[in-house]
Amino acid sequence: MNQKVRIEMEIPIHSSPMLLYQYISTPSGLAEWFANNVNSRGEIFTFFWDDESQKAKLVSKKTGERVKFKWLDENDKDTEYYFELKILEDEITKDVSILVVDFAEEDEIEETKQLWANQINDLKHTIGSF
């Protein structure tokens, strides 16, 4: 298996951190922009897209600030890869942005970044942040 590369993207978003947190930390919030549907049983979230699903474990969260999910393989074992969504707020300007941390194989970096850009655009539309 190829080693994946860590990628980070910071994307400005016009929203209050608490509102944004609801959309990145709850199954119903995530289902509005990240996946077609999201279920959770405790710390295990199942993300559904058109014809596939993937499970992830919520490994850490800080209310109003960040969530971190670790992908599980078919046998529900932790993989080393995760994605993290952090809400950043500039102390002076109060500008809010979302920092996406994810991993991608070398030849999929641009594709992964584009996918996240599209997902965050969906999030912006959902919360009316344009």
Side-chain angles (χ1 to χ4, degrees):
M1 190 160 113
N2 293 343
Q3 191 63 30
K4 293 186 179 184
V5 180
R6 178 186 165 108
I7 50 178
E8 287 188 13
M9 299 172 61
E10 186 176 337
I11 303 169
I13 192 161
H14 299 291
S15 172
S16 75
M18 287 314 290
L19 174 69
L20 196 49
Y21 185 74
Q22 295 304 310
Y23 283 94
I24 67 170
S25 65
T26 65
S28 59
L30 286 160
E32 290 201 44
W33 66 277
F34 185 72
N36 299 120
N37 196 9
V38 182
N39 294 333
S40 70
R41 288 224 167 115
E43 297 174 337
I44 305 299
F45 282 60
T46 307
F47 298 92
F48 297 92
W49 291 276
D50 296 330
D51 53 358
E52 62 179 280
S53 67
Q54 195 166 6
K55 289 184 178 181
K57 181 178 181 180
L58 179 62
V59 288
S60 68
K61 66 179 180 178
K62 187 167 183 188
T63 303
E65 283 186 29
R66 64 182 167 77
V67 291
K68 182 176 180 179
F69 290 95
K70 197 169 211 183
W71 293 114
L72 301 174
D73 68 15
E74 297 78 35
N75 305 315
D76 288 351
K77 300 270 192 291
D78 280 1
T79 65
E80 61 188 290
Y81 301 113
Y82 63 88
F83 71 95
E84 186 171 22
L85 301 170
K86 288 184 185 177
I87 300 166
L88 307 175
E89 184 176 19
D90 186 289
E91 288 181 23
I92 296 161
T93 64
K94 298 295 181 200
D95 287 343
V96 174
S97 57
I98 191 159
L99 178 70
V100 176
V101 178
D102 198 2
F103 291 83
E105 294 187 13
E106 281 293 343
D107 60 347
E108 295 177 352
I109 292 172
E110 287 311 310
E111 186 182 325
T112 300
K113 285 183 173 182
Q114 188 58 53
L115 182 68
W116 275 110
N118 292 343
Q119 298 285 78
I120 299 300
N121 272 339
D122 288 350
L123 173 60
K124 287 179 176 181
H125 278 294
T126 300
I127 61 178
S129 133
F130 277 100

Ignoring hydrogens and angles, tell me if any N or O in the side chain of Tyr23 forms a donor-acceptor pair with the backbone of Leu123 under 3.5 Å.
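Side chain of Tyr23 to backbone of Leu123, a donor-acceptor pair under 3.5 Å: no, none is there.
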Considering non-hydrogen atoms only, spot the tightest contact between [X] and [Y] and give its length.
{"X": "Pro17", "Y": "Ile87", "answer": "O-CD1, 3.5 Å"}
{"X": "Met9", "Y": "Lys113", "answer": "CE-O, 3.4 Å"}
{"X": "Ala56", "Y": "Phe69", "answer": "CB-CB, 4.0 Å"}

Nearest 0.5 Å, please: how far is [atom2] in [Y] from [atom1] in [X]?
{"X": "Leu115", "Y": "Glu110", "atom1": "CG", "atom2": "CD", "answer": "12.5 Å"}
{"X": "Ile98", "Y": "Tyr21", "atom1": "CD1", "atom2": "OH", "answer": "12.0 Å"}
{"X": "Lys124", "Y": "Ile120", "atom1": "NZ", "atom2": "CD1", "answer": "8.5 Å"}
{"X": "Lys4", "Y": "Glu80", "atom1": "NZ", "atom2": "CD", "answer": "9.0 Å"}
{"X": "Gln119", "Y": "Thr126", "atom1": "CD", "atom2": "OG1", "answer": "10.0 Å"}

With a 4.5 Å cut-off on side-chain heavy-atom distances among I, L, V, M, F, W and Y, is there a chain of contacts connecting Val101 to Leu88?
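Cluster IDs for Val101 and Leu88 match.
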Do the side chains of Trp49 and Val100 join up, straight or via other hydrophobic residues, at under 4.5 Å, putting them in one cluster?
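Yes, Trp49 and Val100 fall within the same hydrophobic cluster.
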Which other residues belong to the hydrophobic cluster containing [X], where Ile, Leu, Val, Met, Phe, Trp and Tyr are joined when side-chain heavy atoms lie under 4.5 Å apart, directly or via other members?
{"X": "Ile7", "answer": "Val5, Ile109"}
{"X": "Val59", "answer": "none"}
{"X": "Ile92", "answer": "none"}

Only pairs at least two apart or in different chains count here, so list each side chain to side chain donor-acceptor pair (under 3.5 Å) that has a residue in [range].
{"range": "residues 53-72", "answer": "Ser60-Arg66"}
{"range": "residues 33-44", "answer": "none"}
{"range": "residues 85-102", "answer": "Glu10-Ser97, Asp90-Thr93, Thr93-Asp95, Asp102-Trp116"}

Whether the Tyr82 and Arg6 side chains hold a donor-acceptor pair (N or O, under 3.5 Å, no angle test) is what I'd like checked.
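On atom types as modelled, these side chains qualify, holding a pair under 3.5 Å.
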For a 4.5 angstrom cut-off between non-hydrogen side-chain atoms, does Leu99 reach Leu85?
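No, every pair of side-chain atoms sits at 4.5 Å or beyond.
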Aromatic ring centroids of Phe45 and Phe34 under 6.0 Å?
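Phe45 vs Phe34: aromatic centres not under 6.0 Å.
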